[in-house]
Structure formats: C-alpha cells, structure tokens
S.K.: 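Structure below; questions to follow.
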Amino acid sequence: MACRVRFAPSPTGYLHIGSARTALFNYLWARHEGGKFFLRIEDTDKERSKKEFLDEIVSSLKWLGMDWDGELVFQSERTAEYRAIADRLMAEGKAYAEGQAVRFRMPKEGKVSFEDLLHGRIEFDLGQHPSLAEDLVIFKSDGSPTYNFAVVCDDAQMGITHVIRGDDHIMNTPKQTPLYEALGYQKPIFCHIPLILGPDRSRMSKRHGATSIREYLEAGFLPEAIINYLSLLGWSPGNNQELIGKEELIQKFDLKRVLTTGAVFSSEKLEWMNGQYVRKLTIPVLTDLLLPYLEKRGYGTAVISREWLERLVMLFQERIFRLAQFPDLAQFFFDEEIEYSEEAVSEFLKDPRLQNAFVKYAALLESLEVFDTKTIEEKSRSLMKDLGLTGKEFIHPSRVALTGRTVSPGFFDTVSLLGKKKAVRRLQKAAKVFG
RNA sequence: GGCCCCAUCGUCUAGUGGCCUAGGACACUACCCUCUCACGGUAGGGACACGGGUUCGACUCCCGUUGGGGCUACCA
C-alpha cells in the first residue's frame, strides 16, 4: 500500500525552520514512495490560531516547493467528528464527562510501548510515569478537542500510514496509542526525527537567530538551497554527496537512513550552499531575483538598462552568497556620490603622483569612443606605462577613487560598467580631494 | 525531581566487527591563481566522551558512568 503522510502545523506562528525540515522529510518520503502528502492545520486553539500565520505557512511551503495532495484539512471544521468519537468512547465507558470536559480512561498499570521506525521499541512503565496514567482530557471545557485526541482521530480517518514528526513528540505517543486501541484503529508507523538545535545544542529558537522561513527568504536564500541544506540535517545519501537537487533527493531519500541525533543548524554552511546555487542560476533568472532587493533599497531608478544590469549581475554572481547582499556589494554602481572608506584612503591615496595620474586618466577615459572592458584595459595599461606606474600602483588607488573601496569586481569591468560619466567625474573629484 | 531520547573532527556527516594509521563537506590556516575581493586549485591542523565487558579482533554489539537534549497543560 502506498504511504500516506501529513505535515500538521498549527497556525500559531510562522513556519519554523525545524517544522520545515519535518515537512520536508514527510514530503520526500511521500514522493519517494509514490504516496500522498497531506497538509493538516491544527487550529483547535482558537485563541492563538491566526489567519496571517496560516497564510504565511502555506505560502512558505509553496515557496519551498513542497506541493501537497488534496485539500487542506482544518481541525476547527471537524469538531462534530471529534464529538461523535468522544460520545462513542463515553457510551462504551472508556471516557467520562467531567463538567464540560471529557476525559479518556488511561490504562493505570503495566506498560505502554510502541515501535518507532528509527528508535526501535520505546517503552513506558505507567507505574513510573504518573502524568501518563492520569485520565487524558480529550475535550476541553470550551468545547474544543485537545491536541492528542484530534491527532489520533485525524490520522486514523485520513488513513495516515507514517507519522513522521519531531522527537519532542515521543512523550505524546504513549498518550495516543491507548486511544488507537480503545477506538479500534490501526496504529500508524511512528517515526520520530531529531530536532534542529542552536549552537548551544538546545532546540533552535529565536534567540539563536532567524528561525522562520520568511526571514530566510528575505535574507536572500534560494528555496533550492534551503531544501538541500535541510535535507542534510539528520540524513545523508551515504555517498558524501552534498549538493543534491530536489528530484534527486526524492529519488534517494530513505526514511530508514535518518539519524537519531540532534543536528546543530549552521547558517555558515547554509550560506555556502546558497552560494553554490546562486552560481548555477542563469543571468536573466538571477537578475530577476535580484531586482526586488534593488528596488527595496531605492536603486530601481538607478538601473541604466536591463542589459547593463545583467552585465553587472554577471560580475557579482560569484561574489554573492545571499541575494540581499547585492545592493551593498554593488552600491557604488548605483549611488551618484560615493563615500571613501578611511582605510582605503590611508592605504592607497597617499602617493603624490596620484593627482596627476587621476587627471590624465580622467582625460583618457573621456576621450574613449568605445567604453568596453577590452578597450579600457588596453588604453589604461599604456597610460600606466607612460606614467611609470605598475599595475598595482595604478589600479589600487584608481579603484579607491572610483568606488571608495578597496574591494570590487575586476577593475576594468568596473570602470566599463560605471560608465564614462561617473568614472570621469569620480576621478576628477579624487584628483581634487586627494591632490 | 521523574520519565524518555541521544553521544565520530568546532559544526553537518560517512562508517552497521577486520577495508579505519577513521573518509567527505562547512569553518579555520598556508600556498597557488591574481589588480582587490570572490570563485577555483593544492596542502595542513582537527573526532570515535569515559569505564567495564562480549569477541581472535571493536568506532561499530551489551552494561554502567558522565555529558547533552526533550517531555512532564483543559498549548500544539
């Protein structure tokens, strides 16, 4: 029988990176097995559930490329079903009303155990675990079902075959298995996957930094990179391969190879991986992705032309790790006025010969009919020769004069893309200011 | 506190009794490339938590210790 799995977030917050990983393992397993992947919204907590969070979770999953099967299932719309099941339990004497609430009679002694796909048999001695032996509230006084009850009802009715969820649910499982038995439902295969940890090895949370998928989107991570990185947290294909696309992940993913140890999230490695994916993009696609970041920065009108922008993007493709870095890295191509960094000035603009060089260079660039990289390099190099300056003696100071910085893409490409007007003006200004 | 889970380089991991003087990746260091940065390339440092067993032989199996984490709601 084909497997049926589900991701069941509650809309009480944005999609957490750890939840996204849980969703991913469910998704990959379903697609690998040719089964079904469902999305169920656990919104039984009326106070904390919010529409904006629901929208956020749904759009984040779509952005990551995890398409689900069928319609969304909302627990808030299934109260009647839960009620009927609770009534049945009460009619059978397996549950009882306590005021407006309903409690399920939990077994009081012996052991509750279940088989976990990764951990093997997990056993609980009821005598040693007082909170487990307490009768479980399945309906709250406010008329809504509790989490552990709704989950069992839904998983059974949706025909879920594999419950793949975080390790933090291990202690919920012994509360749920007696319910399956009392209801006569077949138990799914449980698979508790390790949590994603912060640097201090506690469960990753806000205090460790960005945790929501939305934040990663805004920082300029690509969904492909996030999927790839997340898939390697607690799983590996076993052949040292690190860069794996979604289709290949689906093909290779094996639930049984998932590890049981928590994994510390490394934003450094994610950035590296994102850089790998940025480098694979075609220039038009990367340009399209970068555009929103430029506009957000107010550089939309500073884009000379699509062709010019694509040439610029080409220069930066190997220097970008996150899309959001682009406006900073390429700032001097967009701003009219540049600021000179102090270190750059003190390191490269001290030579008195520079004033003359800048004046000459400005005149040279001004005179060029063709302003492409090749022409600029040829003419520039012969000017250096005339001036008696080496490449380094000329290029480093000129870079500072033109960009205000010590770091830029290749110098002659930079001059070309800056354009004659900006280049000449900046050189003249530098000649004055630092002469 | 009780219960449960976990334990290979700083981090992610390979490893299912001999192939391991433990492999790869990120990060780090050095060098090469070079107009800077980045990319790329080469090299280097860096781990089987500890103690008992089992076995001809343990990173691999068992037990204990230590350490870390999770759960202990009419939240999910």
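Below, chain A is the first sequence line, B the second, and so on; all start at residue 1.
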S.K.: Taking salt bridge (Lys or Arg N to Asp or Glu O under 4.0 Å) as the cut-off, I'd like each qualifying pair that reaches into residues 4-29 of chain A, sequence neighbours left out, listed once.
M.R.: A/Arg6-A/Asp155
S.K.: Under 6.0 Å between ring centres: does that hold for A/Tyr299 and A/Phe333?
M.R.: no
S.K.: With the sugar-phosphate defined as primed atoms, P, OP1 and OP2, and the base as all remaining atoms, what B/S/- string results for nucleotides 20-38 of chain B, 5' to 3', for protein heavy atoms under 4.0 Å?
M.R.: ---BBBSS-------BBBB
S.K.: Kindly state each residue pair satisfying salt bridge (Lys or Arg N to Asp or Glu O under 4.0 Å) with at least one member in residues 315-333 of chain A, sequence neighbours excluded.
M.R.: A/Glu271-A/Arg322, A/Arg297-A/Asp328
S.K.: Could you give all pairs that pass the ring pair (Phe, Tyr, Trp, His ring centres under 6.0 Å) test and reach residues 266-287 of chain A, with sequence neighbours left out?
M.R.: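 Every candidate ring pair (Phe, Tyr, Trp, His ring centres under 6.0 Å) pair involving residues 266-287 of chain A fails, so no pair, neighbours aside, qualifies.
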S.K.: For B/rC9, give its Watson-Crick or G-U wobble partner with both distances under 3.5 Å, or none.
M.R.: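 Base partner found: none.
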S.K.: Enumerate, atom names and distances included, each donor-acceptor pair closer than 3.5 Å involving a side-chain atom of residues 120-127 of chain A, sequence neighbours excluded.
M.R.:
unit_1: A/Arg121; atom_1: NH1; unit_2: A/Glu115; atom_2: OE2; d: 2.8
unit_1: A/Arg121; atom_1: NH2; unit_2: A/Ser113; atom_2: OG; d: 2.9
unit_1: A/Asp125; atom_1: OD1; unit_2: A/Gly127; atom_2: N; d: 3.0

S.K.: Find out whether the Lys NZ or Arg CZ of A/Arg426 is both under 6.0 angstrom from the six-membered ring centre of A/Phe332 and within 45° of the ring's axis.
M.R.: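 Ring-cation test returns no.
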S.K.: Please list, chain by chain and in numerical order, all residues satisfying ring pair (Phe, Tyr, Trp, His ring centres under 6.0 Å) with A/Phe358, sequence neighbours excluded.
M.R.: none
S.K.: Polar-atom pairs under 3.5 Å, protein N or O versus N or O of nucleotides 61-67 of chain B: list them with distances, or write none.
M.R.:
none

S.K.: Generate the contact string for nucleotides 71-76 of chain B. Rules: B means base contact, S means sugar-phosphate contact only, - means no protein heavy atom under 4.0 Å.
M.R.: SS-BBB
S.K.: Check nucleotides 7-9 of chain B against the protein and report each pair of N or O atoms closer than 3.5 Å, with its distance, or say if there are none.
M.R.:
none

S.K.: Output every pair passing ring pair (Phe, Tyr, Trp, His ring centres under 6.0 Å) with a member in residues 158-177 of chain A, not counting sequence neighbours, ordered by first then second residue.
M.R.: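 Every pair satisfying ring pair (Phe, Tyr, Trp, His ring centres under 6.0 Å) with a residue in residues 158-177 of chain A: A/Trp29-A/His162, A/Tyr147-A/His169.
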S.K.: At 4.0 Å (heavy atoms only), tell me whether A/Leu132 reaches a base, stays on the sugar-phosphate, or touches nothing.
M.R.: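 Nothing: the residue A/Leu132, judged by heavy atoms under 4.0 Å, touches no strand.
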S.K.: Using the salt bridge (charged side-chain N to carboxylate O under 4.0 Å, His left out) criterion, which residues pair with A/Asp386? Sequence neighbours excluded.
M.R.: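 A/Asp386: no salt bridge (charged side-chain N to carboxylate O under 4.0 Å, His left out) contacts found.
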S.K.: Identify, with sequence neighbours excluded, every residue that meets ring pair (Phe, Tyr, Trp, His ring centres under 6.0 Å) alongside A/Phe37.
M.R.: A/Tyr27
